[in-house]
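What follows is one structure encoded as structure tokens, with my remarks underneath.
Computed over heavy atoms, backbone and side chain alike; hydrogens, waters and symmetry mates excluded. Naming convention: chains lettered A, B, ... in sequence-line order (proteins, then strands); numbering from 1 in each chain. Fair warning: this is a prediction, and the values are worked out from it, not measured in the lab.
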2 protein chains.
Amino acid sequence: MQASFTEENYLKAIYHLSEEGRQQVNTNRIAMVLNTKPASVTDMLKKLSEKNLLNYTRYQGVSLTDPGRNIALKVIRKHRLWEFFLVEKLNFGWDEVHDLAEQLEHIQSVELINRLDSFLGFPEYDPHGDPIPKDNGTIKCYDLKPISALHVGETGTIAGVREHSPLFLQYLEKMNLVIGKKISMEEVIAYDETVVITTENNQKINISKAAAKNILITI
Amino acid sequence: MQASFTEENYLKAIYHLSEEGRQQVNTNRIAMVLNTKPASVTDMLKKLSEKNLLNYTRYQGVSLTDPGRNIALKVIRKHRLWEFFLVEKLNFGWDEVHDLAEQLEHIQSVELINRLDSFLGFPEYDPHGDPIPKDNGTIKCYDLKPISALHVGETGTIAGVREHSPLFLQYLEKMNLVIGKKISMEEVIAYDETVVITTENNQKINISKAAAKNILITI
DNA sequence: TTGTTGTTTTAGATGTGTCTAAATTTTTAA
DNA sequence: TTAAAAATTTAGACACATCTAAAACAACAA
């Protein structure tokens, strides 16, 4: 089953949206994340549905079929391996690689991506802590929690992020809140839910509620 | 000046055609190398001409403008750097990389390609012996000759090829006629212009006239 | 100079992915 | 239960790159 550049982007977006929420994904959300209009989304959903890549009934939202999910995972595999390559081999910052990987993820060649995987030493996670799907379509399922889910006194290690915008990643870099850092929850300010965390060297850092939701940790 | 995927392919093809022959490139040749129809070529030529990427007058063929040649050279730079990467880092054969590089050459990012260049150690030639254009748009001009131009008794070193099809490259590989090999011209069979060459270890190899025209050497 | 041949261009159509504006359906609130 | 609001879909159009068939042009030989 061959999917076009655009079709791949739709499938990937729908995969991400169904991961982060309920089963059925709605038209407006898709239009929003793909920077397009709901009418265009409807057109594409009909097309993908005819190709049996997703289940679609008018007004009811969509879910991926197995072939559809498979294509999405292949694209995500490519995206994350290229990100790893760009950071580890070409020394890009973790905030610079997303747009490049959006292009590279559409290069068609199973052989290429498997050799890249091998060249990189079969990494398990990309530079943002996201798991890299294997060639056979399996993907580690995350049991990461956002910092905001920690109770006061609890400790964790930063292992991922939930938002990939350059601005957010640059902010984390500047605060030295990078993957692998151990932190513990100090307190939550009642007024605006600002979170105070402590790093290994006993430094206290205040982060906003929004930021705390987007930093993921293992316990 | 941004050119689309397809526009880039036209500019690259026209660049290659004007290298290998006279100045003006004709419509039918372009259609042939791009695997498309002359009518489509005409449409595109009008478009590229309006963008000032080439000089076009009806029925008179085309030549690239400076901006057009510049885009073509950037694409060729990317193509050849990616080919080098695929062969040197991912261990592809020199006969396997062309189609992949045709995809990779359209990734848009000057930063990416310059970092790749640096990662690869600023190579001067791609795996087929073609010179890699520099970021500033300069390119080494070849003074390679085909084997068929050697006189009997003359010696040369294989430095490039004029044809990139997998079949031809696999044939060379099998005969061990790879870049760097020293050969000398033994004789030309009068009957069908088959060329007999001798390798360093005194092995005699017969190659057809067509093949001899497509293997390039330095003296 | 004229006619033939081969090349090139125009005219009109198709497929993909997008859009706006209007209509329809679902959801929510009264 | 019904009306208003929100979400979704249809209808009709456009841009891009392509195609076929037919017309226009160039080059060459007689």
Using a cut-off of under 3.5 Å, enumerate the N/O to N/O pairs linking the protein to nucleotides 3-7 of chain C.
none

Rounding to an integer number of Å, can you tell me how far [X] [atom1] sits from [N] [atom2]?
| X | N | atom1 | atom2 | result |
| --- | --- | --- | --- | --- |
| B:M44 | D:dA15 | CE | C1' | 12 Å |
| A:Q24 | C:dT26 | CD | P | 14 Å |
| B:D43 | C:dT14 | CG | C1' | 13 Å |
| A:K46 | C:dT16 | NZ | C1' | 15 Å |
| A:L48 | C:dT18 | CG | P | 11 Å |
| B:M32 | C:dT8 | CE | P | 11 Å |
| B:L45 | D:dC16 | CG | P | 16 Å |
| B:L34 | D:dT18 | CG | C1' | 13 Å |

Note: [X]-[Y] ion pair, threshold 4.0 Å (strictly below):
| X | Y | value |
| --- | --- | --- |
| B:E19 | B:R69 | no |
| A:K209 | A:E193 | yes |
| A:K134 | A:D117 | no |

Exercise for review: Please tell me which of B:Q60 and A:S4 maps to the more 5' nucleotide of DNA chain C, matching each residue to the nucleotide holding its nearest heavy atom.
Suggested key: B:Q60

Practice item. With DNA chain C as reference, determine whether A:A39 or A:F5 sits nearer its 5' end, using the nearest nucleotide of each. Key: A:F5

Point to revise | Side-chain heavy atoms of A:L90 within contact of A:V97, under 4.5 Å | key: no

Check your understanding: Is the charged tip of B:K89 near the ring of B:F119: under 6.0 Å from the six-membered ring centre and within 45° of its axis?
Key -> yes

So which nucleotide from [options] ends up closest to the side chain of [X]?
| X | options | value |
| --- | --- | --- |
| A:T36 | C:dT26, C:dT18, D:dT9 | C:dT18 |
| A:S40 | C:dT18, C:dT9, D:dT9 | C:dT18 |
| B:R58 | C:dT9, D:dC19, C:dT18 | C:dT9 |

Check your understanding: Distance check: side-chain N/O of A:K37 vs OP1/OP2 of D:dT8, anything under 4.0 Å?
Key -> no

Practice item. Mind checking B:Y10 for me? I need base, sugar-phosphate or nothing, with any heavy atom below 4.0 Å counting as a touch. Key: sugar-phosphate

Check your understanding: Base, sugar-phosphate, or nothing for A:T6, non-hydrogen atoms under 4.0 angstrom?
Key -> sugar-phosphate

Point to revise | With sequence neighbours excluded, residues passing salt bridge (Lys or Arg N to Asp or Glu O under 4.0 Å) with B:E111 | key: B:R115

Review point. Taking A:D95 as the fixed residue, which of A:H128, A:H164, A:Q170 is the one that meets the side chain to side chain donor-acceptor pair (under 3.5 Å) rule?
Key: A:Q170

